[in-house]
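One structure is given here, and the rest of the page talks about it.
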There are 2 protein chains.
Amino acid sequence: MPTGLAHAELIAVLAAVTGDEPRVMTIRSGDALPSGPFELAHRSLQAGLREWVGDQTGHPVGYLEQLYTFADRDRTQDTGYSRTISISYLGLVREQAAPGAGKPGWHGWYEYFPWEDHRKGAPDSLQAIAEHLQRWAERDTSRRDHRRRRIEFAFGLHGAAWNEDLTLQRYELMYEAGVVAESGGEEFVATGRSMFADHRRILATGIARLRAKIKYRPVVFELMPESFTLLQLQRTVEALAGLTLHKPNFRRLIDSQDLIEETGDVTSETGGRPAKLFRYRHAVLEERAFSGSKLPISRN
Amino acid sequence: MPTGLAHAELIAVLAAVTGDEPRVMTIRSGDALPSGPFELAHRSLQAGLREWVGDQTGHPVGYLEQLYTFADRDRTQDTGYSRTISISYLGLVREQAAPGAGKPGWHGWYEYFPWEDHRKGAPDSLQAIAEHLQRWAERDTSRRDHRRRRIEFAFGLHGAAWNEDLTLQRYELMYEAGVVAESGGEEFVATGRSMFADHRRILATGIARLRAKIKYRPVVFELMPESFTLLQLQRTVEALAGLTLHKPNFRRLIDSQDLIEETGDVTSETGGRPAKLFRYRHAVLEERAFSGSKLPISRN
DNA sequence: CTCCTTTATACTCGACTTGAGTATATCGCG
DNA sequence: CGCGATATACTCAAGTCGAGTATAAAGGAG
């Protein structure tokens with residue numbers, strides 16, 4: 001079984017939420033995601049990642065999940081001798097104590113994806129982006145219909161609902177259309193901050209994965225402090241999803257799952273009536289799904 | 001940005017369904033999954049995989065999706081100079097024309113996972129497997145409770161429902177408990193056929209991913225012929241899920257999605273009343289989800 | 001030719017889930 | 001004490017889902 005030689009590199013999308021803002025850990029003042037070599041000394045990929053993230057940033061990583069492995073030739077600068085395989089991970093971090101001087105910093109992820117935050121309604125920039133994309137669709141007569149449908153679906157145009165999970169599809173459309181700086185669209189400002197190489201695409205992958213995951217796995221709690229109020233929990237989910245949620249229904253959803261329990265304490269720091277504090281029930285299996293199957297199973 | 005050197009290898013889980021049996025492509029008479037080196041000549045990982053699968057097997061791969069990247073030290077035989085990174089893919093193949101002599105062969109995937117097929121009720125072997133696992137849980141008093149809960153959840157014991165998606169979790173429990181041949185359980189026959197290295201685990205990963213995916217993405221159609229009856233479609237889904245489905249509800253689910261359309265023809269090959277033939281509506285976006293969101297979204 | 005078996009297709013009904021809205025409780029503060 | 005603010009509880013209609021029943025249209029046995 002012969003195998004080709006390659007350089008191996010690990011890239012991390014580390015996410016945290018401070019107050020109402022979802023953040024991602026970056027290096028180079030927000031221009032790149034933290035990354036490092038995968039070395040012989042490392043026991044496994046996960047172990048390798050945990051090790052240097054812990055070393056370099058001082059933050060223990062809670063939940064960790066593999067995102068994707070890239071090796072496209074046009075994505076990496078070939079050394080001429082071998083190519084680079086990049087294995088990306090999504091990690092969730094609880095605390096975000098002020099980073100020391102010169103240390104990696106946290107940046108709000110909507111800096112890079114302003115069109116993804118719909119908590120205050122659809123951003124104004126979306127309109128302009130959609131128009132750019134539609135003009136791009138018209139330019140290629142042979143693929144026009146397909147492109148139009150993709151745009152309408154991804155951006156929730158013409159009656160289709162906005163789907164927060166499609167962060168990656170939206171970014172890829174914008175990349176294809178040359179609307180983002182990475183792919184040529186210099187003049188156009190509403191498309192957010194760019195990043196080194198394909199790091200912004202990796203971040204989009206991480207956001208999309210996390211947004212999808214919070215719907216069926218109780219991973220949000222990896223981002224919460226030990227005890228929290230229901231509104232804090234809701235605000236965290238809203239920050240991640242970039243959407244506002246219906247409060248009574250959110251509460252109903254949460255306590256129908258038996259995921260949390262009251263600590264017995266209350267806090268009056270919220271302004272109005274004191275809120276009960278809750279904690280995550282660690283007895284709950286991580287595998288446990290929020291929702292059920294979608295197949296019409298027959299039991300005889 | 002320094003990067004460590006490693007060998008890169010691609011591994012494929014290629015799935016097809018013949019009649020009522022889900023199959024996987026294998027080499028070495030069913031002992032291993034097809035794999036090959038990732039070389040400089042390849043444009044990307046996907047392209048590399050498509051290339052040698054096409055060359056070696058003569059089957060064009062339809063849908064292709066990355067599964068997981070492994071590099072654990074104990075999983076691969078180190079060359080002493082570098083380690084091996086294995087990138088696994090799940091591919092769906094439509095036709096399964098008889099493979100030529102000496103060519104790779106297809107094996108029913110329940111040969112390797114007999115306990116996963118619940119179409120004729122829970123297999124007898126499940127009982128014995130569950131008892132083995134429970135004895136294993138009792139042996140470690142400190143982790144006993146956690147293990148018990150994992151077993152009950154994964155195998156649907158004590159009132160919990162069997163969840164077909166948990167193929168990987170079940171295999172991993174069995175591996176941990178030393179019930180499968182790979183991890184020492186030689187005497188025990190009900191645990192199916194074993195494979196080279198960690199290939200059976202990779203197959204479990206592929207099965208689990210496919211079972212989960214058919215619930216929210218219309219990927220089944222990648223396994224269907226150009227035109228098919230509704231029962232054929234149902235049998236294919238049932239083969240993959242290892243479950244029987246409720247016929248009227250399956251039909252309702254399918255046509256509420258607008259995924260297929262009548263060809264206008266019928267076939268009388270099914271025995272009774274002739275069945276209408278359908279085809280997949282290719283206009284449908286692949287991204288299109290079967291079901292909706294599980295967050296209580298608020299629209300103001 | 002008719003009945004019977006077999007598969008296909010259509011409809012019904014109750015339980016549960018989901019989206020949306022309303023009502024009541026309890027704090028700080030002027 | 002009343003008012004704004006937040007917390008918490010309840011209601012209700014529409015939609016979805018599981019389960020079962022009814023009718024249609026073929027082939028084959030007698």
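Side chains are part of it too, since the values below use all heavy atoms of this structure and drop only hydrogens, waters and symmetry mates. In what follows, every chain begins at residue 1, and chains take the letters A, B, ... in the order their sequences are listed.
- Proximity of a side-chain donor or acceptor of B:R281 to a complementary backbone N or O of B:D258 within less than 3.5 Å is detected.
- Between the CD atom of B:Q234 and the P atom of C:dT9 there is a distance of 12 Å, rounded to whole Å.
- In this structure, B:R273 and A:T229 both approach DNA chain D, and ranking their closest nucleotides by distance from the 5' end singles out A:T229.
- Counting to the nearest Å, the P atom of D:dA7 and the CG atom of A:D265 are 16 Å from each other.
- A straight line from CD of A:E262 to P of D:dA9 spans 8 Å, rounded to a whole angstrom.
- With distances taken from any side-chain atom of B:K247 to the nucleotides C:dT9, C:dA20, D:dA19, the minimum falls on C:dT9.
- The distance from atom CD1 of A:I254 to atom P of D:dT8 is 13 Å, rounded to the nearest whole Å.
- Atoms CG (B:L277) and C1' (C:dT9) sit 15 Å apart, rounded to a whole Å.
- Taking every side-chain heavy atom of B:P248 into account, C:dC11 is the closest of C:dC11, C:dA25, C:dT9.
- Side-chain contact between A:R209 and A:Y68 is absent, with no heavy-atom pair separated by less than 4.5 Å.
- If you take CZ of B:F250 and C1' of C:dT7, they are 16 Å apart, rounded to a whole angstrom.
- Between the side chain of B:R252 and the base of D:dG18, at least one donor-acceptor pair of N or O atoms lies under 3.5 Å.
- Expressed to the nearest 0.5 Å, how far CD of A:E164 lies from CG of A:L240 amounts to 10.5 Å.
- Going from atom OG1 of B:T244 over to atom NE2 of B:H118 covers 11.0 Å, rounded to the nearest 0.5 Å.
- OP1 and OP2 of D:dT8 both lie 4.0 Å or more from every side-chain N or O belonging to A:K276.
- Among the candidates B:R149, B:R148, B:R147, the single residue satisfying the salt bridge (Lys or Arg N to Asp or Glu O under 4.0 Å) test with B:D145 is B:R148.
- Atoms CG (A:L231) and P (C:dA25) sit 21 Å apart, rounded to a whole Å.
- Rounded to whole Å, the distance from CG on A:L230 to P on C:dA25 is 19 Å.
- Comparing C:dA20, C:dT9, C:dT26 against the side chain of A:P274 picks out C:dT26 as the nearest.
- Among the nucleotides C:dA8, D:dG18, C:dG19, the one closest to the side chain of B:N249 is D:dG18.
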